[in-house]
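In each ligand, atom 1 is the first atom listed, and ligand 1 is the first ligand listed.
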Amino acid sequence: MKLEQLCEIAGNCTECPLQEGRTNVVFGEGPSNAKIMLIGEAPGKNEDETGRPFIGMAGKLLSEIIHEAGLNRSDIFITSIVKCRPDGNRKPKKPEYTKCINLFLNKQIELINPDIIGLLGNSAIYALIGEKNIKQIHGNLYEIDGRKYMALFHPAAALYSRKLLPDLKEDMIKLKELIEF
Ligand code: SF4
C-alpha cells in the first residue's frame, strides 16, 4: 500500500468516536520518504477546519523552531497520534489513540521509514514509548523495535510556558544531528 492510499482510507474512517465531531481528517503531511517524522497529540480547531497538521499558533512556533535548527519543514512528515479532533480540545482517550495508531500511524511509520521520530508532548510520548515524565526525559533517544524516537516538548506547551522554549529548540537541534545524511 502507498501513503496516498492510506490517506484516502483515513479520510473515510469511522472506526472511533472521534469521527463524530470532526470536519476534516488530518492525516499529516510531508514527503513519503522523509528522514524525520514529528508526531503530536491531535488536530486542533485550525487543523480540523483545514485538514492540515500544526498550522495554528503552535504550528507557527514549530515551523520557527524547525527553521532555526537548520531544517526545512517541507522535508519533515508531520502528523498526530489521532487524525480527528477531540471535542473541546480534550486529550484523546486510550481506546481512540490505540485504534488510530494501529490503523494509521504504525502504517505511516512503516511506509515512510524515517531515520528518527520526534514525539511532541506527553500524549505522543506515552502512546508510542510508554514514558510519562517529559521534564526528565526530553531530548533522550529511545530505540524500540529498530526505530529511533526522541521525546520533545509540545510547541503548545512552549507557547504556554516560554521557559520550555530553549529546551525544545535544543532538542530539535539534537534530533537533526541524528539524521543520516
Ligand atoms: S481518530 Fe483515527 S481511528 Fe478515529 S475516526 Fe479518526 S481516523 Fe478513524
Exercise for review: May I ask you to identify the nearest protein heavy atom to atom 2 (Fe) of ligand 1, giving residue, atom name and distance to one decimal place in Å?
Suggested key: Cys100 SG, 2.3 Å

**Study point:** Identity and separation of the nearest protein heavy atom to atom 6 (Fe) of ligand 1
**Key:**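 Checked against all protein heavy atoms, atom 6 (Fe) of ligand 1 sits closest to Cys84 SG, 2.3 Å.
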
Exercise for review: Using 2.8 Å as a strict upper limit, say whether an N, O or S atom of Cys16 approaches atom 4 (Fe) of ligand 1 that closely.
Suggested key: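 Given the 2.8 Å cut-off, Cys16 counts as a ligand of atom 4 (Fe) of ligand 1.
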
Review point. With a 4.0 Å cut-off on heavy atoms, does Phe104 reach ligand 1?
Key: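 Yes.
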
Would a distance-only check, ignoring hydrogens and angles, find a side-chain to backbone donor-acceptor pair under 3.5 Å from [X] to [Y]?
X: Glu177; Y: Lys174; value: no
X: Ser63; Y: Gly59; value: yes
X: Thr79; Y: Ile39; value: no

Can you list the ligand 1 atoms lying under 4.0 Å from a non-hydrogen atom of [X]?
X: Lys83; answer: 1 (S), 7 (S)
X: Gln19; answer: 5 (S)
X: Arg22; answer: 5 (S), 6 (Fe)

Review point. Under 2.8 Å from atom 8 (Fe) of ligand 1, is there an N/O/S atom belonging to Cys13?
Key: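 So Cys13 does bind atom 8 (Fe) of ligand 1 by this criterion.
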
Practice item. Establish whether Tyr160 and Leu152 are linked, either directly or via other cluster members, by ILVMFWY side-chain heavy-atom contacts under 4.5 Å. Key: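 In one cluster: no.
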
**Study point:** Ion pair Arg52/Glu29, N-O distance below 4.0 Å
**Key:**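 Answer for the salt bridge query: yes.
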
Review point. Under 4.0 Å between a Lys/Arg side-chain N and an Asp/Glu carboxylate O for Glu49 and Lys45?
Key: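 Salt bridge: yes.
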
Check your understanding: With a 4.0 Å heavy-atom cut-off (strictly under), which part of Glu96 contacts ligand 1: side chain, backbone, both or neither?
Key -> neither

**Study point:** Parallel, tilted or perpendicular: rings of Phe153 and His138 (30°, 60°)
**Key:** tilted

